[in-house]
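See structure below.
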Amino acid sequence: MSRTYVVTGAASGIGKATAERLEADGHRVIGVDIKDADVVADLSTGEGRTALVHEVEQRSGGRVDGVIAVAGLVAASPVTVGVNYFGATATLEGLRPLLAGSDAPRAVVVASLAALEEVDEGLYERLLADDEPGARREAERIGTATNAAGSSAIYSTTKKAIAQWVRTHAKDPEWAGAGIALNAIAPGVIETPMTAAALQSAEGRAALDAGAPSPLNGPAAPPAAPAALLVWLASAENTHVTGQIVFIDGGAESIRRPERI
C-alpha cells in the first residue's frame, strides 16, 4: 500500500537516498531542503520551520504516514544548533498532527555515532531546556572547539541531545500513546558530501576509522545503508520498535563501549 512520507534533507546524502528508496517502492515523498526540493525551507530559522509545516500540510492534504528528519549540518556554528536540534524537533512536533490520520504513523530522526563523544555541558543543558537563544549563545562561546575525537563539540552535542529527546518523548501519550513510533538512527561514517574530503585521502580515512572503527564492511557505508534502515523504521511493518537509538556503524559502537548493553 502506498504511503506518504516527508523527508528533510532530501536533496543530498542520506536524505536523497531515503527519498529515492521510498519512491522506488511506490510511495509518495514530499522532500524538504534548503534548495532543490518540493518544499524549500531553512530549518535553522523559525520562519523556515513554519513554512515547512504549512507547505507540507498543503501538499499532503493534511495527512502523512511517516516523517523522516534527516537534515543536519556539521559546521562549528550556531546554525548547526538551529538545524540539528531545534529544526529536527520542530519538524517532528510540527508534523505530528498530520500523522494522526495515518493507520500506521511513524517518525524517525538521524542522530550520529558522534553522540558518544564528549559533549559541551552548557550547550547540552540549553538544548534539553528547549532554550534556542541560550543554546545559540553557548554555540558562539564554543566556536570551533573540538572534543577529544577531534570533531566539533557543537555537532556531537546536538546529536546527543536529539537522541535524548527521542528517548524522552517516544513513550509520551502524544507519541506512543497515539500509536506513533518514534526512533532515531545513529550512523557511523557515511559516504556523503560531509565526509567526501576526508575519505579522499589515506590519512583522512585513517582518522575517521580511529573514531568509528568499522570491521563490518568499513570504513564508510554508502547512503543507501542508513536509508534502508530509516525506511523500515518508518514503515507499517515496524509495529513495536520505538524509543530506540539504532546504531548503523559497522560495529563501532560495540567496540567503543563493549560493556554497554
Got a donor-acceptor contact below 3.5 angstrom from the Arg3 side chain to the Ala104 backbone?
yes
Looking only at heavy atoms, the pair that brings Ile245 and Ala163 closest together is CD1-O, 3.5 Å
Got a sec, which residues hit salt bridge (Lys or Arg N to Asp or Glu O under 4.0 Å) with Arg141, two or more places apart in sequence or on another chain?
Asp120, Glu138
side-chain contact (heavy atoms from CB on, under 4.5 Å) partners of Glu174, counting only residues at least two apart:
Arg96, Asp172
Sequence-distant partners of Arg59, side-chain contact (heavy atoms from CB on, under 4.5 Å), two or more places apart
Arg28, Ile30, Asp38, Val39, Glu55
When you measure from the side chain of Asp249 to the backbone N and O of Gly188, does any donor-acceptor pair fall under 3.5 Å?
no
Side chain to side chain contact (heavy atoms under 4.5 Å, CB included) partner of Leu230, the single match among Val110, Val7, Val246:
Val110
Could you grab the distance from atom CG of Asp42 to atom CG of Leu52, nearest 0.5 Å is fine?
11.5 Å
Treating Ile, Leu, Val, Met, Phe, Trp and Tyr as nodes and any side-chain heavy-atom pair under 4.5 angstrom as an edge, say whether Leu92 and Val29 lie in one connected cluster.
no
For the pair Glu140 and Arg136, find out whether any cationic side-chain nitrogen is under 4.0 Å from an anionic carboxylate oxygen.
no
Could you go through residues 219-228 and list every donor-acceptor pair under 3.5 Å that involves a side-chain atom there, pairing it with any protein atom two or more places apart or in another chain?
none

Keeping Thr8 on the side-chain end and Val32 on the backbone end, is there a donor-acceptor pair under 3.5 Å?
no
Can you list everything that forms a salt bridge (Lys or Arg N to Asp or Glu O under 4.0 Å) with Asp131? Sequence neighbours excluded, please.
Arg126
Measure the shortest side-chain to side-chain distance between Leu98 and Ser60 over non-hydrogen atoms and say whether it is less than 4.5 angstrom.
yes
Note: Ala153 and Ile142 closest approach over all heavy atoms is CB-CG2, 4.0 Å
Hey, is CD on Glu237 packed in by over 12 heavy atoms from elsewhere, all under 6.0 Å?
no
I'd like to know if the side chain of Ser156 and the backbone of Ala114 have a donor-acceptor N/O pair within less than 3.5 Å.
no
Measuring from atom CD of Glu253 to atom CD1 of Ile248, what distance do you get when rounded to the nearest 0.5 angstrom?
13.0 Å
Just to verify, what does Tyr5 make a ring-ring contact (aromatic ring centres under 6.0 Å, His included) with, not counting sequence neighbours?
His27
If the test is side chain to side chain contact (heavy atoms under 4.5 Å, CB included), which one of Ile162, Val67, Val70, Leu182 qualifies with Val109?
Ile162
With sequence neighbours excluded, what pairs up with His169 under the ring-ring contact (aromatic ring centres under 6.0 Å, His included) test?
Trp165
Any heavy-atom pair between the side chains of Ser254 and Phe247 that's under 4.5 Å?
no
State which residues pass salt bridge (Lys or Arg N to Asp or Glu O under 4.0 Å) with Asp25; sequence neighbours excluded, sorted by chain then number.
Arg21
Heavy-atom pair of closest approach, residues Trp175 and Ala170
CB-O, 3.6 Å
Taking every non-hydrogen atom, the tightest pair across Leu128 and Ala161
CD2-O, 4.0 Å
Between Trp232 and Val64, is there shared hydrophobic-cluster membership here, with clusters defined by ILVMFWY side-chain heavy atoms closer than 4.5 Å?
no
Work out which heavy atom in Leu99 is nearest to a heavy atom in Gly66; give both atom names and the distance.
CD2-N, 3.7 Å
Cluster link Leu233 to Val166, ILVMFWY, side chain under 4.5 Å:
no
Worked verdict on Ile34 versus Val40 for side-chain contact (heavy atoms from CB on, under 4.5 Å)
CA-CA 5 Å; Ile34 198 167; Val40 174; 5.6 Å; no
To check you understand the geometry: which heavy-atom pair defines the closest contact between Leu43 and Ala71, and what is its length?
CD1-CB, 4.1 Å
How would you list all residue pairs meeting side-chain hydrogen bond (donor to acceptor under 3.5 Å, both in side chains) that involve residues 70-91, not counting sequence neighbours?
Asn84-Thr158
What pairs meet the side-chain hydrogen bond (donor to acceptor under 3.5 Å, both in side chains) rule with one or both residues in residues 97-107, with sequence neighbours excluded?
Asp65-Ser102
Less than 4.5 Å apart, any side-chain heavy atom of Leu22 and any of Ile68?
yes
If the threshold is 4.0 Å, N to carboxylate O, is there a salt bridge linking Glu117 and Arg256?
yes
Within the distance-only criterion (no hydrogens, no angle test), does the side chain of Asp33 pair as donor or acceptor with the backbone N or O of Ala10 below 3.5 angstrom?
yes
Main-chain N/O of Val108 paired with Asn183 side-chain donor or acceptor, under 3.5 Å
no
Could you work out, with salt bridge (Lys or Arg N to Asp or Glu O under 4.0 Å) as the rule, every residue matching Glu125, not counting sequence neighbours?
none
If you round to the nearest 0.5 Å, how far is OG of Ser44 from CZ of Phe86?
12.5 Å
For residues Val56 and Leu95, determine if any side-chain heavy atom of one lies less than 4.5 Å from a side-chain heavy atom of the other.
yes
Cluster question for you: counting only ILVMFWY and a side-chain heavy-atom cut-off of under 4.5 Å, with indirect links fine, are Tyr124 and Leu73 together?
no
Check: Gly48 main-chain N/O paired with Thr45 side-chain donor or acceptor under 3.5 Å
yes
Residues 224-235 vs salt bridge (charged side-chain N to carboxylate O under 4.0 Å, His left out), sequence neighbours excluded, gives none
